[in-house]
Amino acid sequence: MIDVLEFFRIRFSGRPLLLSLALLAVALVVMRRTPLRPSPSSVRTASRALGGVGIASLLAYVALAVYYARDPHFFDYAEPTMTAIAWLFQLGQPIHHEADSAARYAHMYGPMAFIPHGVALRLFGPSIEASKWLGAGAALVSLFLLYLALRSRVHIARALALTGYCALLYLIFRNLTFWTRPEPLQLFCMSAGLYAATRGGIVASLVVGASAGVLLNLKITGPLYSLPVVALLYTRGGLRAVAIATVTGAVAAILPFVVFPNVSLESYLLWVRLSAKNGLLLATLRQNIEWAAFFLLPVLLSYFAHPREARPAASEDRWVVGALLAGICGTVLAASKPGATVYHLVPFLPVICYATASHLRSLPSGIVGDRAVLPGAMAFAATSVVLALVQVVSFLHTFAPRTAGNEVADLRAFVASHPGAVVEMGYGRDDRPTLLRPELVFRSGSYLLDAPAVQEHQLSGIEIPPSTIEAIRACRVEFWLIPQGQEPFSGPNRYPAMHLKPLFSESFRRAFFESYVLQGRTRYYDVWQCRTGAAR
Amino acid sequence: MRSGDAARLWLVRAWWPIVPVFALLVVRLVYERACASPYELLPDVTSNSLYAWPLAMLYLGVHCWALTAYLVTAGGAGTLLPGLSAARATWGSHWPKIVFTVAVLALEYSPIPFWRLVGQTVLQCRGGL
């Protein structure tokens, strides 16, 4: 069964629009003898079924987020990066180091991708769970805020169902919306801004502005996400509200660079500029366009659900949908960068649900104006359920075995038996055992090498600089823990454009082998010690 | 002038600068899929931001054109799935532009394995991976 789902996932999970259209075609063929407009009772039955799917998805999402947050293991290779850099930030070290720095961990994420995690680690103590709970908590709160925003447009049942559909669409991206990367924080900002914009008043402008500023400091594409929320604010509060939000947003965006001496705008922009030089992938662009069209289906269906003479024509709807389309177009392009993909569109999902709710607001129960709307909605829901199911099963199938490992205790025991020594995680060919590396950063306060960053730098044409090789030769790190049985620093760059080029250069590896010797092993890792220290 | 008429007029005007160029691009992409790497299209052009962004904007622009054309047609016909006759009535003498655009998009979205097969059997080229 798992094999069948995995085959389906690999073969079809990237074609949501095609799947939906195929299902719609089948449904239309099956329903070709039905009347032009479905009867109120059949509309109500279908609506109840669709609502049930939404609520079930909501429950499944909450359960999965809590399950993930409770375990100290990571799923994605770049999650530990956020936690590790957040702790460095907490210790006063830079979030974005300079281009020729010995440490190699800078990413093109903005400072707010790390600062909230740093605060969480300070408040609750340095642990992987604290960082993971921040992601899961932000995602769950964002769903609640979305529900509140939707309630301003539709009644409880529809608001719950639409929140559930948002959760269902999140699940298509496995743990992306509650993992330890910027996405949960982006969703939180989007939902908070959306909810505030529906409330109106000066507080709305301040919250929308603050969320826009944080969005900009999470990813450089932040303003594209803010567009529809600002459009909503404009329709409710006019230009004055937008002006207040703009000023607030500018202050929020500048604040981290002014308040924290270890947050440098110059260094951040340096990494953004380098990453921007990587060009675009047309295959990814095509995929992004298909996903964007799929995500927008509910907005289209809810518009045509009304009888022709009663279709939504409110100025607010036009502004929000127009700004949403503009934001999506910009993001579709930006998300075609090597290494990026459709997940960059996920922060628009709360706004898409809101726009759908706005269309459904005046739709009486039991009435659908267009014959194709109901089968279209069913096709969209079925596609979403199938895609979410195969992705969640694949996620659990991969992640569940990892939870049995006790690498954290292994790492803590090694560090405890070597007090005062600088211990860091090195890399072999398999990423998985290295995902617990924040545990070492918590204890040593040092992070020389982040493989995802080195990979990104190499894609931008920047190899490991001489200063890093010098740090290796000088044994800045006394012990490197390498996944057991793997050759140190032997893995390739996994970006397709790099054609499996070695991630660590020959000169780096030579320096490592000349400076370190295999000294022993722990339960999960080989211990490589500096030759100078080993000789003592 | 109704908003649908204005949009139709703009779409007709915008067709010439974007869709024929896009058609040429699609022919090149189809060749790439058949005879080169199907997932890393035009790597020499797309790896340079100077060329990649305008190309991507053209690619996206045609999709936006097609989406707007669909919305104008559906809005005019008053239904989510407008029939052929309703679409023809909406576009009048510009109907061939719609047919051409749909054909080009169909070519672009046709399955990659099909073009690999065409590459191997018809064009006799050895495609990279």
Side-chain angles (χ1 to χ4, degrees), chain A residues 11 15 17-18 21 24-25 28 36 273 275-290 292-293 296-297 300-301 303-305 307-309 311 313 318 321 325-326 328-330 332-338 368-377 459 461 495-497 499, chain B residues 2-4 7 22 25-26 28-30 32-33 36-68 70-71 73-83 105-113 115 128-129:
Chain A
R11 192 75 189 82
R15 311 304 307 271
L17 188 65
L18 199 72
L21 293 178
L24 175 62
L28 287 173
L36 213 58
R273 273 199 302 272
S275 186
K277 283 182 186 167
N278 294 343
L280 299 171
L281 294 175
L282 286 181
T284 310
L285 176 62
R286 192 179 88 162
Q287 197 178 33
N288 292 345
I289 291 172
E290 182 172 340
L296 288 166
L297 277 179
L300 185 74
L301 291 168
Y303 177 81
F304 278 97
R308 188 173 187 177
E309 60 283 358
R311 287 193 175 134
R318 281 205 295 268
V321 173
L325 290 174
I328 284 180
C329 281
V332 154
L333 287 173
S336 306
K337 223 175 65 64
V368 167
D370 194 296
R371 185 171 170 262
V373 165
L374 219 47
L459 184 69
Y495 279 124
H499 304 292
Chain B
R2 291 185 303 123
S3 62
F22 177 70
L25 173 66
V26 166
R28 185 71 178 88
L29 294 181
V30 162
E32 288 270 313
R33 289 187 184 111
S37 172
Y39 300 105
E40 208 186 332
L41 303 162
L42 303 172
D44 293 338
V45 179
T46 55
S47 60
N48 185 331
S49 293
L50 194 67
Y51 309 122
W53 279 89
L55 199 67
M57 280 193 259
L58 169 74
Y59 193 96
L60 178 64
V62 171
H63 284 80
C64 290
W65 190 96
L67 174 69
T68 316
Y70 160 75
L71 290 175
T73 313
T79 173
L80 189 62
L81 297 175
L105 284 170
L107 197 65
E108 170 60 8
Y109 281 86
S110 47
I112 291 171
W115 292 114
L129 285 174

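So that the names make sense, note that chain A is the first sequence line, chain B the second, and so on, each numbered from 1. Basis for what follows: all heavy atoms, side chains included, without hydrogens, waters or symmetry-related copies.
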Review item, side-chain donor-acceptor pairs of residues 51-64 of chain B, under 3.5 Å, at least two apart:
from: Tyr59(B); atom 1: OH; to: Glu108(B); atom 2: OE2; distance (Å): 2.4
from: His63(B); atom 1: ND1; to: Tyr59(B); atom 2: O; distance (Å): 2.8
from: His63(B); atom 1: NE2; to: Tyr109(B); atom 2: OH; distance (Å): 2.8

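In this structure, chain B has heavy atoms under 4.5 Å from both the backbone and the side chain of Arg286(A). Neither the backbone nor the side chain of Ala293(A) has a heavy atom closer than 4.5 Å to any heavy atom of chain B. Only the side chain of Ile289(A) has a heavy atom closer than 4.5 Å to any heavy atom of chain B. Looking at Leu50(B), there are no atoms closer than 4.5 Å to chain A (heavy atoms on both sides), in backbone or side chain.
Interface summary for chain B: among Thr284(A), Val332(A), Asn278(A), the most heavy-atom pairs under 4.5 angstrom belong to Asn278(A).
Between Gly279(A) and Ser49(B), the shortest heavy-atom contact is N-OG, 3.4 Å. When all heavy atoms are compared, the tightest approach of Asp370(A) to Leu80(B) is OD2-N, 2.8 Å. The two residues Ala74(B) and Phe304(A) come nearest to each other via the heavy atoms CB-CZ, 3.7 Å. Arg11(A) and Pro113(B) get closest at one heavy-atom pair: NH2-CG, 4.1 Å.
Exactly one of Leu285(A), Leu281(A), Leu282(A) qualifies for a side-chain contact (heavy atoms from CB on, under 4.5 Å) with Leu41(B). That residue is Leu282(A).
The closest donor-acceptor contact from the side chain of Arg371(A) to the backbone of Leu81(B) lies at 3.5 Å or more, if one exists at all.
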